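The structure appears below as structure tokens.
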Amino acid sequence: MPARKAYPFDVIEPKWQHYWLDRELFRSADPGEMGSEKPKFYVLDMFPYPSGSGLHVGHLEGYTASDIVARYKRMKGFNVLHPIGWDAFGLPAEQHAILTGTHPAVTTKQNIDNFRRQIQSMGFSYDWKREINTTDPSYYKWTQWIFKRLFEKGLAYVAEAPVWYCPKLKTVLANEEIVHTPEGPRSERGNHPVIKKPFRQWFLKITAYAEKLLEGLELVEWPESIKEMQRHWIGKSEGAVVKFSVEGKDIEIEVFTTRPDTLFGVTFLVLAPENPLVTKLTESGFKELVEQYCASASLKTDLERTELSKNKTGVWTGSYAIHPITKEKLPIWVSDYVLMTYGTGAIMAVPAHDRRDYDFAKTFCLPIKKVVTAEGIEEENDCYTGEGITVHSGFISGLATKEAKEKIIQWLEEKKLGKRTVQYKLRDWLFSRQRYWGEPFPIIWKENTPIPVPDEELPVLLPDLEDFTPTDEGIAPLARKKDWVELGNGLKREVNTMPQWAGSCWYYLRYCDPSNKEAPFAAEKEKYWMSPHGVDLYIGGAEHAVLHLLYARFWHRVLYDIGLVSTPEPFYKLVNQGVILGEDNQKMSKSRGNIVNPDAIIQEYGADTLRLFEMFLGPLQQSKPWSSKGLEGPHRFLARVWRLFMDEDGEGLWVLRKDILEEEAPSHIQRLQHQTIAGVTEDIENFQFHTAIAKLMTFVNELTKEKKRWKKVLEALLLLLAPFAPHICEELWQKMGHKDSLAYEPWPKYDPKYLINEEMELIVQIDGKVRGRIMVKKGVEKEEAIRKAKETEAIGKWLEKATISKVIYVPDKLLNFVLEKNLNSQ
RNA sequence: GCCCUCGUGGCGGAAUGGCAGACGCACAGGACUUAAAAUCCUGUGAACCGAAUAGGUUCGUGCGGGUUCGAGUCCCGCCGAGGGCACCA
């Protein structure tokens, strides 16, 4: 016989899940529909990728949090948009197809069905009428359509560039998809080794939006750490480009520097090995060495060029540049510590004030010229990279770094020898993949010219294939589908597909109008749901800090610039849930075998317990370990709530208690009720769900101790608990005689008069240490409080032998007697 | 190396500069029971004084300083953990 359940969650949870689904209770009202007159609230979860292994408890944390907010906001009178869908293109389904021959579409459907089942068994209040799927042609039609808008704006282009290639996955990957490990660069998906290889690829010109993406961060309420990561990724630096002429040659070398104030400290120039000027600059006697060096540099992995090479390498080209001011001769070197991909691929070396130049100068015995001083920096030949006073620098000597920069830039601009420049680390976004399971590009090639497919011919459908394996040369599997690729007259389809990020760049917009056939979304609906500042609340993991969140911002900003959306930024308030670790305090992973499957927990404890427990683990934003024992607490709590209302009859059946009173509860219970309402409300608003639950527990513990049950108090409890544990609350609400769901009942209000006690406890301290407490009337006078405190034995005995030097009184809080120090004692 | 976040009982964690440890887990004792489970009640930071399961004292929020009548909370300097960036001139 199975153990008796503490309360019949196994019956009531499916019952209410069906009730909500059948009645479409959580359908959001679009503009014009009944309900749209309410203020709207858009609460969004990060787009799930339906993997084969199903959801684990980590995913459910964010979904539970957003569901609590969605349910709370409905009760607060908002028209809530709370959608879900599937980011279903991507590598795992395709890898699975290569291994088993099962079509990715089949795997994807199975996985989605499983995800949907798991999500529904948690009782989340999604509007299932808005469910979307990126692999559905009616969705990716519009992904292609938006790509065309980018193409038309000149923001999508093809170029040959050294890009990351993964031999195992047989595809190129974006910079953002590479993880640098001690074993070398790896693919983020699958952790396979990756190499740099030149390829002809599609790029999106995200760099054109660097400044806008930087500025936009000021408009959103995101964790500061995420904003910082994006700022670093964009990597803006202000400085100047300076031109150097070359002795005996008609060549100009441009360098970028953030420290033009150190121009007088330049002792040599360095070019990146890939810099096309290298060949022209190399003197005949140096050719062999330079060519050899450049060749070996190109073979080096990035790891060797960066992390390992604390020892600088390089060769001299044999030529000299001329200092634009002093006309000194400066040797021109080649070294792989200078990157072709940043700035101009050439630098002016100031060894006295740049660590890397210093190391290089030391290695090759090049001169070091100090041009900045600061207090405490005296040592000869030291490398000082901070700011200070400029010295030995002609007309900028004596100026502080900032002023020196200004003056030299002005001078350079006047003489046309340079100009103020801003550089970004951000690179254009590599947008094509040599894979099958992705959106086809709406592009046809005529010779070497890409021609967009007309809008009315969209979507370009992804054709079926039998063999999904990419070729070893990194050519996409679609190339094999000759009848699809070849269009006659020399016209050929683009065979690459878009990366997985494409679909998630605009899905939150599609939710506003998910079945629109004429447009990605109707302007009117977009305006209703996205005004005034985008998605009101976005909950998801921090692992998307620079990938999805930067790409989506970029697309959104482009759509804003062409007038398709009404806000510059897509996501206003962002909350990152922390990672849930395994019980062993390690990251949950299949290989560690510490993944917790929610299905088993729902079966044993129910969804309400799991929801409550996910939130009770600790602060939402913090990472914290799972604890299977800990589930008992929330489960007992819910059983206790159940028994506040329900009793067992002679046959062991649950029946509503007969002794629930209509009368007013005594004042101490009413006070607690109102304090709980105030506390829980405030905690939800601040995403402090764990303390909200603690307050509800205290409330229930106190009610359990009472002999009587008061209807009004119990009903308030149900409404407060409903966002967290909706099934049990709906059931008890119905048992209490209500016909309708409580999902749209008004959120309980508190009366501030109950929050203030007339008689209150005042803390009495001696020298800041608590020595006693006295009962006083609220707002009591200082003198009165002191008199009362002195009368108390516990306090009196401390004051007897001492002199009071000072009394601190914080009304309604505490009284602190500061005593004169008795130097004789001790 | 640089940037961000965080260090509180046996454990997860709570605390507008004002009673450190709410709430939960675990543990212990008691009630109920023939018994157990479940449930309910009580206790639970450390050391010390005390015959005491009366009462009381001291110490205690990673370490060392500082500001303050008063610091887990603010400031300075360390140490440790996690995350991010990493020759970006």
Side-chain angles (χ1 to χ4, degrees), chain A residues 3-6 180 223-229 231-233 235-237 239 255-259 262 270 302 305-310 312 335-339 341-350 353-357 359-360 385 423-427 542-543 545-546 578-579 581 585 587 612-613 616-619 621-637 639-640 643 688 690-701 704-705 761-773 794 797 805-810 813-819:
Chain A
R4 181 173 162 71
K5 303 256 189 310
H180 294 273
E224 205 40 49
S225 59
I226 301 286
K227 287 194 188 184
E228 270 303 296
M229 280 166 72
R231 284 191 197 108
H232 279 142
W233 197 265
K236 178 178 184 174
S237 30
V255 303
F256 173 72
T257 177
T258 54
R259 291 294 299 272
T262 61
V270 190
D302 264 35
R305 275 181 70 156
T306 58
E307 277 150 272
L308 293 182
S309 58
K310 292 285 166 255
K312 297 276 182 283
S335 173
D336 62 10
Y337 84 90
V338 175
L339 306 174
T341 45
Y342 183 79
T344 61
I347 61 150
M348 58 179 227
V350 186
H353 305 291
D354 182 282
R355 189 77 231 169
R356 298 148 301 180
D357 299 344
D359 292 342
F360 193 83
T385 57
Q423 280 288 337
Y424 301 91
K425 286 191 213 172
L426 187 70
R427 310 283 158 76
E543 67 273 17
V546 285
V579 178
L581 304 167
N585 239 306
K587 214 172 189 161
L612 219 47
F613 182 59
F616 193 62
L617 273 177
Q621 291 93 337
Q622 195 176 299
S623 75
K624 55 241 161 204
W626 185 258
S627 150
S628 49
K629 282 270 189 215
L631 277 157
E632 291 292 345
H635 192 60
R636 278 179 206 150
F637 164 70
R640 205 180 274 210
R643 290 194 307 269
Q688 305 272 333
H690 61 309
T691 52
I693 293 166
K695 287 177 177 108
L696 289 167
M697 285 174 167
T698 306
F699 190 26
V700 168
N701 288 348
T704 302
K705 283 179 198 159
E761 213 175 51
L762 195 70
I763 307 302
V764 185
Q765 299 182 329
I766 308 288
D767 283 331
K769 287 197 175 102
V770 182
R771 295 299 180 189
R773 49 210 68 191
K797 77 175 186 194
S805 68
K806 198 172 168 186
V807 183
I808 314 283
Y809 178 57
V810 183
K813 280 266 173 180
L814 63 79
L815 191 63
N816 184 13
F817 292 97
V818 184
L819 305 185

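Not measured: the values here are computed from a predicted model. Lettering of chains follows the sequences in order, A, B, ..., and the numbering in each one begins at 1.
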task = Quote, to the nearest angstrom, the P distance that separates B:A89 from B:U5.
result = 23 Å
ask   = Touch check for A:Thr257, heavy atoms < 4.0 angstrom, all strands: base, sugar-phosphate only, or nothing?
value = sugar-phosphate
query = Considering residues, nucleotides and ligands other than A:Lys587, do more than 12 of their heavy atoms fall under 6.0 Å from its NZ?
reply = no
ask   = Is B:G30 syn or is it anti, if syn means the base angle is within 90 degrees of 0?
value = anti
inquiry  = Between B:G13 and B:G72, how far apart are the two C1' atoms, rounded to whole Å?
reply    = 14 Å
note = Taken to the nearest whole Å, CD/A:Gln765 to P/B:C69 is 13 Å
ask   = For A:Asn701, which contact category applies under a 4.0 Å heavy-atom criterion: base, sugar-phosphate, or nothing?
value = sugar-phosphate
query = Has the side chain of A:Lys695 got a donor or acceptor atom sitting under 3.5 Å from an opposite partner on the base of B:C23?
reply = no
message = Is it the case that the side chain of A:Arg643 and the backbone of A:Thr704 share a donor-acceptor pair, with hydrogens and angles ignored and the cut-off at 3.5 Å?
response = no
task = For RNA chain B, write out the stems as range with range, using runs of 3 or more consecutive Watson-Crick or G-U pairs with both distances under 3.5 Å.
result = B:1-7 with B:79-85, B:10-12 with B:23-25, B:27-31 with B:39-43, B:45-49 with B:55-59, B:62-66 with B:74-78
task = Give one of base, sugar-phosphate or nothing for A:Leu814, where a contact means two heavy atoms less than 4.0 Å apart.
result = base
message = Between B:A31 and B:G10, how far apart are the two C1' atoms, rounded to whole Å?
response = 27 Å
Gap between atoms OH and C1', on A:Tyr809 and B:G70 respectively (whole Å) = 17 Å
task = Classify the nucleic acid contact of A:Arg355 as base, sugar-phosphate or nothing, counting any heavy atom under 4.0 Å across all strands shown.
result = nothing
query = Pick the nucleotide of RNA chain B nearest each of A:Lys624 and A:Arg643; which residue has the one closer to the 5' end?
reply = A:Lys624
message = Does any part of the side chain of A:Ile347, heavy atoms only, come nearer than 4.5 Å to the side chain of A:Asp357, both counted from C-beta?
response = yes
Every protein N/O within reach of nucleotides 82-84 of chain B N/O, cut-off under 3.5 Å:
none

inquiry  = With heavy-atom distances below 4.5 Å as the criterion, would you say the side chains of A:Val350 and A:Arg259 are in contact?
reply    = no
NZ on A:Lys806 to CG on A:Asn816, rounded to 0.5 Å = 9.5 Å
ask   = Between atom CD1 of A:Ile693 and atom OG1 of A:Thr698, what is the distance when rounded to the nearest 0.5 Å?
value = 12.0 Å
query = What's the CZ-C1' distance between A:Arg259 and B:C87, to the nearest Å?
reply = 17 Å
task = Report yes if a side-chain nitrogen or oxygen of A:Tyr337 is closer than 4.0 Å to either non-bridging phosphate oxygen (OP1 or OP2) of B:A89; otherwise report no.
result = no
key: Touch class at under 4.0 angstrom, heavy-atom based, for A:Ser237 against every strand present   = sugar-phosphate
Nearest-Å distance once atom P is located in both B:C19 and B:U61 = 15 Å
message = Once you apply a heavy-atom cut-off of 4.0 Å, does A:Pro223 come out as touching a base, just sugar-phosphate, or nothing?
response = nothing
message = Please give the distance between the C1' atoms of B:C79 and B:G18 as a whole number of Å.
response = 30 Å
ask   = Pick the nucleotide of RNA chain B nearest each of A:Lys425 and A:Lys705; which residue has the one closer to the 5' end?
value = A:Lys705
Span that lies between the C1' atom of B:U73 and that of B:U67, in whole angstrom = 14 Å
query = Think A:Arg771 has a side-chain N or O under 4.0 angstrom from the OP1 or OP2 of B:C19?
reply = no
query = Expressed in whole Å, how much space separates the P atoms belonging to B:G60 and B:A20?
reply = 12 Å
key: Close side-chain approach of A:Trp626 and A:Phe613, heavy atoms under 4.5 Å   = yes
query = Say you draw a straight line from OG1 of A:Thr691 to CZ of A:Phe616; how long is it, rounded to the nearest 0.5 Å?
reply = 9.5 Å
inquiry  = What is the distance, to the nearest angstrom, from the CD atom on A:Glu632 to the P atom on B:G24?
reply    = 14 Å
message = Side chains of A:His690 and A:Pro619, heavy atoms from C-beta outward: is any pair under 4.5 Å?
response = yes
query = Considering residues at least two apart in sequence or located in another chain, which fulfil the side-chain hydrogen bond (donor to acceptor under 3.5 Å, both in side chains) criterion with A:Lys227?
reply = none
task = Classify the side chain of A:Gln622 and the base of B:G13 as holding, or not holding, a donor-acceptor pair under 3.5 Å.
result = no
task = Nearest whole angstrom, please: distance from the C1' of B:A89 to the NZ of A:Lys236.
result = 17 Å
ask   = Looking at side-chain heavy atoms only, is the closest gap between A:Met348 and A:Thr262 below 4.5 Å?
value = yes
query = Rounded to whole angstrom units, what separation is found between the CD1 atom of A:Ile808 and the C1' atom of B:C19?
reply = 17 Å
message = Rounding to an integer number of angstrom, what distance separates B:G45 and B:G50 when you compare their P atoms?
response = 22 Å
request  = Indicate whether OP1 or OP2 belonging to B:C69 is found under 4.0 Å from a side-chain N or O atom of A:Lys806.
outcome  = yes
ask   = What distance do A:Leu339 atom CG and A:Tyr337 atom OH have between them, rounded to the nearest 0.5 Å?
value = 11.0 Å
key: A:His690 side-chain N/O to B:A14 phosphate OP1/OP2 under 4.0 Å   = yes
